[in-house]
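Every chain is numbered from 1, with letters handed out A, B, ... down the list of sequences. No hydrogens, no waters, no symmetry mates; every other heavy atom, side chains included, goes into these values.
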There are 2 protein chains.
Amino acid sequence: MAKLFWVEDQSHWIDRFSAVLKQADLDGEPNHLEVYKFPEAAKQRIAVMTDQHKPDLALLDAHMNGSDQAGFSVSRALLKKWPDLPILYLSEHSGTEIEEQAITQNDAQDFIAKHQRNIEAVLCWRIKAALKKRQAQQLGEQAGLRSGSLEIHTDSWEVFWKGVKLMNPHNPKRPLAPTPRKILRFLVERSPRPLSTEQIADLLEADLERFSYANYRQHIKTLRSAFDAAEGHSGEFSELCQQGRGIVTFGDAHAYFWKSDS
Amino acid sequence: MAKLFWVEDQSHWIDRFSAVLKQADLDGEPNHLEVYKFPEAAKQRIAVMTDQHKPDLALLDAHMNGSDQAGFSVSRALLKKWPDLPILYLSEHSGTEIEEQAITQNDAQDFIAKHQRNIEAVLCWRIKAALKKRQAQQLGEQAGLRSGSLEIHTDSWEVFWKGVKLMNPHNPKRPLAPTPRKILRFLVERSPRPLSTEQIADLLEADLERFSYANYRQHIKTLRSAFDAAEGHSGEFSELCQQGRGIVTFGDAHAYFWKSDS
DNA sequence: TAAGCTGGTGAATAATCCGTGAGTTTTTAT
DNA sequence: ATAAAAACTCACGGATTATTCACCAGCTTA
């Protein structure tokens with residue numbers, strides 16, 4: 001559950017974004033949103049918060065109630081307590097001195113203009129990215145991808161399915177071969193968008209002359225049997241695929257995609 | 001001197017920003033700007049760059065010459081060589097799928113809309129902030145080296161495995177040779193990320209002309225036998241490696257990585 | 001109903017990678 | 001200057017990985 005700490009003085013923005021923020025898929029669970037309309041109230045709350053209330057991310061308006069510095073004072077209070085808390089600004093004053101101060105002096109993780117097309121989506125993307133970056137830092141640089149029961153360590157390229165490491169189906173003592181690993185990673189990254197043979201070839205930096213659809217299919221086969229092997233050759237994963245989860249074929253575009261099991 | 005790597009396919013943007021970027025006060029010194037108009041040219045350049053040319057920051061356009069993926073392929077080439085290089089996108093397509101891909105999948109440090117008020121200043125602020133963050137991160141990374149049963153004294157360069165000092169396998173009275181020691185250190189530092197031949201060559205400040213994969217393998221062999229020797233030539237360490245711990249081959253990209261035994 | 005397409009499969013082949021030993025060049029120390 | 005050490009090259013075999021091929025089943029369309 002992602003905990004968001006949000007300070008915003010104008011009700012219409014709160015109305016507009018709160019539902020979006022609550023329902024955004026940040027970590028696969030519902031989010032907890034704590035909103036304050038006044039900087040003072042926010043600061044009082046911060047003063048009494050303990051580590052168990054520690055938010056994962058703060059969203060601030062810089063200019064509030066006529067004061068340029070209102071948001072920054074909240075930021076300082078937060079950073080004093082949790083120096084590594086990522087802070088995003090959400091403001092109407094992009095391109096102004098306020099943005100400059102936020103970015104260059106107040107350790108803002110990001111500064112998002114309220115007036116831009118598709119703002120709800122942009123907000124979610126950026127929050128998600130900030131949380132991901134934060135998590136990567138905390139895990140000792142062990143960045144990872146996670147989707148349901150699947151976990152990919154993007155540095156060591158180990159893949160875990162329900163906690164079990166995926167191995168090479170032809171030789172269970174060896175790790176999964178490189179190309180299947182890469183393909184799986186791309187599929188999960190782009191999930192739930194399908195990846196065509198062409199796109200995969202591009203991502204693998206392989207020549208389309210060399211990388212054919214037959215080829216792609218073969219690697220998918222390897223992956224599926226690796227999953228099956230991780231479950232003890234029960235064929236459970238293959239079934240899952242046929243039910244439209246896991247590694248699924250797209251229909252008629254030489255494409256596959258990844259669909260989380262949860 | 002801040003080194004910026006910039007890929008932008010439209011001349012008018014280059015004309016508009018290059019003077020600004022060159023003169024921006026990023027670190028008190030004049031900046032070095034390397035601009036490419038074509039993604040292919042940029043990628044070729046990246047392939048031949050060594051660590052001494054390593055840019056401090058990359059500025060990319062995502063959508064170039066009609067392809068959505070052009071900028072991302074440059075990003076991948078850069079990150080492959082320097083996984084920690086901050087990458088900023090400068091694009092006309094904010095709020096679109098391109099921004100989403102950049103932020104959520106391509107580890108963009110930032111995504112800046114070209115069309116916004118005061119764009120020159122915003123660009124400079126954000127570049128400056130990204131550089132600052134990068135620097136702060138680098139300073140925080142200096143920690144002692146210890147990984148499972150392995151211990152490296154970074155001052156005296158002695159290496160201990162299970163408390164036993166690693167010696168030169170060809171002549172047990174002599175210490176481990178310098179290059180293997182360095183390689184081991186880099187592997188452990190970057191653990192569990194694999195290091196390709198190219199990356200090792202960069203880290204050793206050796207010419208890629210001189211430092212080949214055969215070479216890398218040779219040093220790995222030396223290291224493995226040094227570990228074995230420290231255990232009394234039992235071959236215990238070699239076994240460990242085959243089980244995916246210790247010094248492990250990555251299976252692809254001519255790379256090895258270090259995986260702690262604990 | 002047959003032809004055309006997609007997707008799954010097993011086996012065979014081709015390509016690549018990795019470990020190794022022995023030899024050569026370069027660097028370093030005496 | 002000389003010898004030892006270190007770094008680097010080269011070539012080979014075995015193993016792993018990637019690709020290709022042939023075939024089948026199911027579905028859609030002519």
At under 4.0 Å between heavy atoms, what does [X] touch on the DNA or RNA strands: base, sugar-phosphate, or nothing?
X	result
Thr222(A)	nothing
His170(A)	nothing
Arg224(A)	sugar-phosphate
Tyr216(A)	nothing

Nearest-Å distance for atom pair [atom1]/[atom2], residues [X] and [N]:
X	N	atom1	atom2	value
His219(A)	dT17(D)	NE2	C1'	8 Å
Asp252(B)	dA18(D)	CG	C1'	11 Å
Lys173(B)	dA6(D)	NZ	P	14 Å
Gln242(B)	dA15(D)	CD	C1'	11 Å
Glu239(B)	dG19(C)	CD	P	15 Å
Trp157(B)	dA6(D)	CH2	C1'	16 Å
Asn215(A)	dG7(C)	CG	P	15 Å
Phe257(B)	dC18(C)	CZ	C1'	15 Å

[X] side-chain proximity, nearest of [options]:
X	options	answer
Ala177(A)	dT17(D), dG10(C), dG7(C)	dT17(D)
Gln218(B)	dT9(C), dC18(C), dT20(C)	dT20(C)
Asn171(A)	dG8(C), dA18(D), dT16(D)	dT16(D)
Thr249(A)	dG7(C), dG19(C), dA7(D)	dG7(C)
His254(B)	dA18(D), dC18(C), dG7(C)	dC18(C)

Starting at the 5' end of DNA chain C, which residue's closest nucleotide do you reach first, Ile247(B) or Arg210(B)? Ile247(B)
Could you tell me whether Phe237(B) and Trp161(B) have their ring centroids closer than 6.0 angstrom? yes
Can the ring centres of Tyr256(B) and Phe250(B) be said to be less than 6.0 Å apart? no
May I ask you to verify if any side-chain N or O of Arg174(A) is less than 4.0 angstrom from the OP1 or OP2 atom of dT17(D)? yes
Counting only side-chain nitrogens and oxygens, does Ser212(A) get under 4.0 Å of the OP1 or OP2 atom of dT20(D)? yes
Distance-only donor-acceptor check, side chains Tyr216(A) and Gln218(A), under 3.5 Å: no
Under a 3.5 Å cutoff, is there a donor and acceptor pairing between the side chains of Asp228(B) and His233(B)? no
Closest non-hydrogen atom pair, Ile87(B) against Ser75(B): CD1-OG, 3.8 Å
Any donor-acceptor pair under 3.5 Å between the side chain of Lys221(A) and the base of dG7(C)? no
Looking at side-chain heavy atoms only, is the closest gap between Trp157(B) and Lys182(B) below 4.5 Å? yes
DNA chain D: Ala214(B) or Ala206(A), which has the more 5' nearest nucleotide? Ala214(B)
